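Protein chains get the first letters and strands the later ones, always in sequence-line order, with residue 1 at the start of each. The analysis underlying the following values was restricted to heavy atoms, covering all of them including side chains, and did not include hydrogens, waters or symmetry mates. Quantities reported herein were computed from a predicted structural model and do not represent experimental measurements.
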Amino acid sequence: MVLSNNDGCIIARSEESKALGIKMGEPFYQVKDMLERNGVAVFSSNYNLYGDMSRRVMSLLSTYTPKLDIYSIDEAFLDLSGMGNADTLTNYCKSMVKDITKGTGIPISLGIAPTKTLAKMASKFAKKYRGYEGVCLIDSDEKREKALRLFPIEDVWGIGRRHAKKLAYHGIHTAWDLTQRSESWIRRELTVTGVHTWKELMGESCISIEELPHKKSICTSRSFPGIGLDRLRDVEEAVANFAASCSRKLREAHTACSSITVFAYTSRFRMDVPQHCIYRSVNFTVPTNDIREIISAAVKILQEDWKEGFHYKKAGVIVWNICEDRAIQSNLFDCINRAKQSALAKAVDEVNRKNGHDTIRMAVQGYGENWKLRNEYVSKQYTTNIRDVIIAKAK
DNA sequence: TCTGGGGTCCTAGGACCC
DNA sequence: TCTGGGGTCCTAGGACCC
């Protein structure tokens, strides 16, 4: 079983722990004793490991198609159009499954279909039934209807808990039931996104395969351990680090932002203590990804809106209005020497790339441990930290 | 005491324009 | 008694995803 950041919630479970009745998203502390009694292995999140393994899998996938659309850390869409008939495709995909298992040890499931929504459905069948050997193909109306009839509405991509409940009320329990309604009914009840899902289930592709040009917003946020932080200095340090992380993510993606939002709030679970919420945005005159500009804007918002007497439980920084860093609209009244700024940033990034994040940092980022995450059960960074590499002993 | 983090898209409603 | 019609842009909030 794997925990969220701060060892807060349960976010991944093996089949065995599911069988114990552990629910997704359940707070860890509420079931901790029960888990210990049952000998459940518990792990903190280890994003360095997951991120690195994901990159390896994606890199192998990219050798199978010119058009790879990485959807999340563990999912990708591959464009296989024009790559042969049903048999050829199935065999091609079975060799993909074997290669990736061999290359990374990660088991994968593949669904092949005319639309993304159907492909996701097919991949669930591929995972569920061993007979498929990891690959399930939906290439005819008969197969599609059979699959739709077997598929619960709440598992359809794009149908969340709220919509599933509403649809159940209207007697819609499977993906097939949904396709039997009229477009106007779907439009009224589920808006245009629902219409896209509805069309995709019927085999008409509405969600294309493409690499996103760049993100529209980037957020770094954390919950603080215990009752939270009540000193400005501590929250300031955290916010400065969140801002630094946003600026780094912008630079890595070769982008810059025009707006920044800072937020900090007290615990929404504590009804017995006074609540407060800081949430404010400002714009930059010229789009930027500079660590000093972004940190100072973030810290300024926090200082100006800070209210004493509260325990802040969570804070974060969001940067948005993002553009590519080579297409920045300059401003007549800009008084920053941009060339100098970017030369310095480049030098700092180079040092940090070799020596680790934040080797060179802003003073306000500090070294305080007051806001650091709890991760008591973290596994090793087997693939990204030389000290954690597995040692094979020859006997 | 303890309750995650990071995204996208759509809509309604308010503010504004002529 | 009676108070138009047609737009754009922005934001908050809600839905969804992993």
Side-chain angles (χ1 to χ4, degrees), chain A residues 1-12 23-33 35 42-47 50-51 54 58 69-77 116-117 120 123-124 153-167 186-197 200 206-208 210 212-228 238 242 245-246 249-250 253 258-259 261 263 265-273 277 279-281 283 311 313-322 371 373-378:
Chain A
M1 213 193 62
V2 180
L3 302 176
S4 66
N5 261 338
N6 251 334
D7 293 345
C9 294
I10 291 155
I11 55 164
K23 288 192 279 296
M24 173 74 180
E26 207 167 10
F28 175 49
Y29 77 93
Q30 289 176 359
V31 288
K32 198 172 172 183
D33 294 343
L35 297 174
V42 176
F43 293 95
S44 303
S45 301
N46 184 344
Y47 294 107
Y50 311 153
S54 172
M58 298 307 173
D69 176 354
I70 299 174
Y71 176 63
S72 72
I73 196 162
D74 69 344
E75 273 181 297
F77 293 99
K116 280 185 166 180
T117 310
K120 293 252 303 178
S123 78
K124 291 208 179 176
I153 190 70
E154 64 270 22
D155 293 344
V156 172
W157 189 38
I159 304 294
R161 233 185 340 192
R162 297 297 271 266
H163 284 336
K165 205 173 159 192
K166 185 191 229 174
L167 292 171
I186 302 284
R187 176 75 179 78
R188 193 174 67 238
E189 300 294 331
L190 307 179
T191 79
V192 296
T193 40
V195 173
H196 290 157
T197 301
E200 286 244 324
C206 293
I207 308 169
S208 60
E210 56 193 333
L212 262 181
H214 55 70
K215 285 194 176 137
K216 295 186 170 176
S217 69
I218 293 172
C219 173
T220 306
S221 73
R222 293 290 178 272
S223 292
F224 303 126
I227 55 167
F242 302 155
S245 149
C246 287
K249 290 174 190 170
L250 283 168
S258 301
S259 305
T261 302
F263 62 87
Y265 48 79
T266 48
S267 173
R268 64 184 198 279
F269 298 105
R270 295 286 302 271
M271 297 305 163
D272 53 328
V273 293
C277 173
Y279 186 98
R280 189 154 63 88
S281 310
N283 299 323
H311 282 94
K313 185 62 188 162
K314 181 169 178 168
V317 172
I318 307 166
V319 292
W320 44 290
N321 270 339
I322 292 174
W371 57 277
L373 293 182
R374 195 164 52 199
N375 58 344
E376 225 174 293
Y377 315 96
V378 74

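For the pair Lys314(A) and dT3(B), the criterion of a side-chain N or O lying under 4.0 Å from OP1 or OP2 is not met. Here Ser221(A) reaches the OP1 or OP2 of dG6(B): one of its side-chain N or O atoms lies under 4.0 Å away. Within the 4.0 Å cut-off from OP1 or OP2 of dT8(B), not a single side-chain nitrogen or oxygen of Lys216(A) is found. At dT8(B), one or more side-chain N or O atoms of Ser217(A) fall inside 4.0 Å of OP1 or OP2 (strictly under the cut-off). The side chain of Arg374(A) places no N or O atom within less than 4.0 Å of a non-bridging phosphate oxygen (OP1 or OP2) of dT1(B). For dG4(B), the OP1/OP2 oxygens have no side-chain nitrogen or oxygen of Ser45(A) closer than 4.0 Å. Side-chain N/O atoms of Arg187(A) include one lying less than 4.0 angstrom from OP1 or OP2 on dT11(B). For the pair Lys313(A) and dT3(B), the criterion of a side-chain N or O lying under 4.0 Å from OP1 or OP2 is met.
Using a 4.0 Å heavy-atom cutoff across all strands shown, Val156(A) reaches sugar-phosphate atoms only and no base atom. Using a 4.0 Å heavy-atom cutoff across all strands shown, Lys116(A) reaches no nucleic acid atom at all. Residue contacts for Ile73(A): at a heavy-atom cut-off of 4.0 Å it reaches no nucleic acid atom on any strand shown. Among the protein residues, Asp7(A) comes within range of no part of the nucleic acid, since none of its heavy atoms lies under 4.0 Å from any strand. Residue Glu75(A) is classed as a sugar-phosphate contact, given heavy-atom separations below 4.0 Å to backbone atoms only. The residue Thr220(A) sits close only to the backbone: its heavy atoms come under 4.0 Å of sugar-phosphate atoms, none of a base. No engagement by Lys32(A) is indicated, since no non-hydrogen atom pair under 4.0 Å with the nucleic acid exists. If you check every strand for non-hydrogen atoms under 4.0 Å, Ile159(A) touches sugar and phosphate atoms only. Within the 4.0 angstrom heavy-atom criterion, no nucleotide atom of any strand lies near Phe28(A).
Regarding Glu376(A), its CD atom lies at a distance of 18 Å from the P atom of dT1(B), rounded to whole Å.
Side-chain contact between Val192(A) and Arg187(A) is present, with at least one heavy-atom pair separated by less than 4.5 Å.
The ring of Tyr377(A) has its center closer than 6.0 angstrom to the ring center of Phe28(A).
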